[in-house]
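Each ligand, and each atom within it, is numbered from 1 in the order the structure gives. Treat the numbers as computed from the prediction; the structure is a model and nothing was measured.
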Amino acid sequence: MASKTNKIGLILCSTRTPRSAPHLASFVHSLLPPSPSTPSYTVETIDLLDWPLPLHTTEPTVPTRLPAVSLPAAYTNATTRAWSAHIASFDAFIFLCPQYNWGYPAAIKNAIDYLFHEWTGKPALVVSYGGRGGGLGRDQLVQVLKGLRMRVVEDPTVGFAFQDGKDWGMQAKAEGGEDLGDLLGDQGFWAEQRVALVQAFNELLALLQNVG
Ligand SMILES: Cc1cc2nc3c(=O)[nH]c(=O)nc-3n(C[C@H](O)[C@H](O)[C@H](O)COP(=O)(O)O)c2cc1C
């Protein structure tokens, strides 16, 4: 019997306008190895900008209190039901997350907190970015994902730094949402982090095979 194809969501955790997230998402996507036959996978972008989830939720019940079998119907708002069904359709996630003021963006926390069971037990990888790689935001997000009982890849860590002791103009471009240039074309650029990304992604695939 053919094994199923795993659907991996690549979540853009930035909702700023402008933003660098789409440029980095296509860079990360391009670096992922071809899908093996087992576990086979597809990667689909989840852009939080497409999901207008109000900061002031009117869902009356804390998501952890809702029986998993009652979802998504048990949510009162149509947007929450759609968000629930969408996240439930994925088998694993890559959170592509910038660092904002030593943490992660509020938009991803809000999007996470609308749900619970839809995340629980699924493999997750946080790929951070920022001036020095966004590690502080990544560590905080990892803690949140563990709280959701997600199975998080923690080794190796992956963080793309726009400046690391030197400033080559990347930070300003990222802040302005400008095209970051041909990142893929220069193989020397972020060489170690490219290797770390592939290793971490393979760990994510291993977690998918090892259904907890
Ligand atoms: C509100 C805010 C806070 C930021 N704080 C940090 C920070 O703590 N450390 C850092 O290295 N970069 C910081 N930056 C710079 C971001 O890493 C950079 O702007 C990046 O492009 C943000 O991702 P985005 O463009 O996809 O939103 C901050 C940017 C914003 C908008």
Specify whether Tyr41 and Phe201 have parallel, tilted or perpendicular ring planes, treating 30° as the upper limit for parallel and 60° as the lower limit for perpendicular. perpendicular
May I ask you to decide if the ring planes of Phe160 and Phe27 are parallel, tilted or perpendicular, using 30° and 60° as cut-offs?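 Ring orientation of Phe160 relative to Phe27: perpendicular.
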Taking non-hydrogen atoms within less than 4.0 Å of ligand 1, which protein residues qualify?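 The answer is Ser14, Arg16, Arg19, Ser20, Ala21, Pro98, Gln99, Tyr100, Asn101, Trp102, Tyr129, Gly130, Gly131, Arg132, Phe162, Gln171, Ala174, Glu175, counting any residue whose heavy atom sits under 4.0 Å from ligand 1.
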Pair Tyr100-Ser14, side-chain donor/acceptor within less than 3.5 Å: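 There is such a pair (donor and acceptor under 3.5 Å, judged by atom type) between the side chains of Tyr100 and Ser14.
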Have Ser40 and Thr5 got a donor and an acceptor in their side chains that come within less than 3.5 Å?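 Thr5 and Ser40 do have a side-chain donor-acceptor pair below 3.5 Å.
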Just to verify, which of Thr79, Ile87, Leu53 counts as forming a side chain to side chain contact (heavy atoms under 4.5 Å, CB included) with Tyr114?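 Of all the options given, the one that passes is Leu53.
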How would you list, by chain and number, every residue that makes a salt bridge (charged side-chain N to carboxylate O under 4.0 Å, His left out) with Asp139, sequence neighbours excluded? none
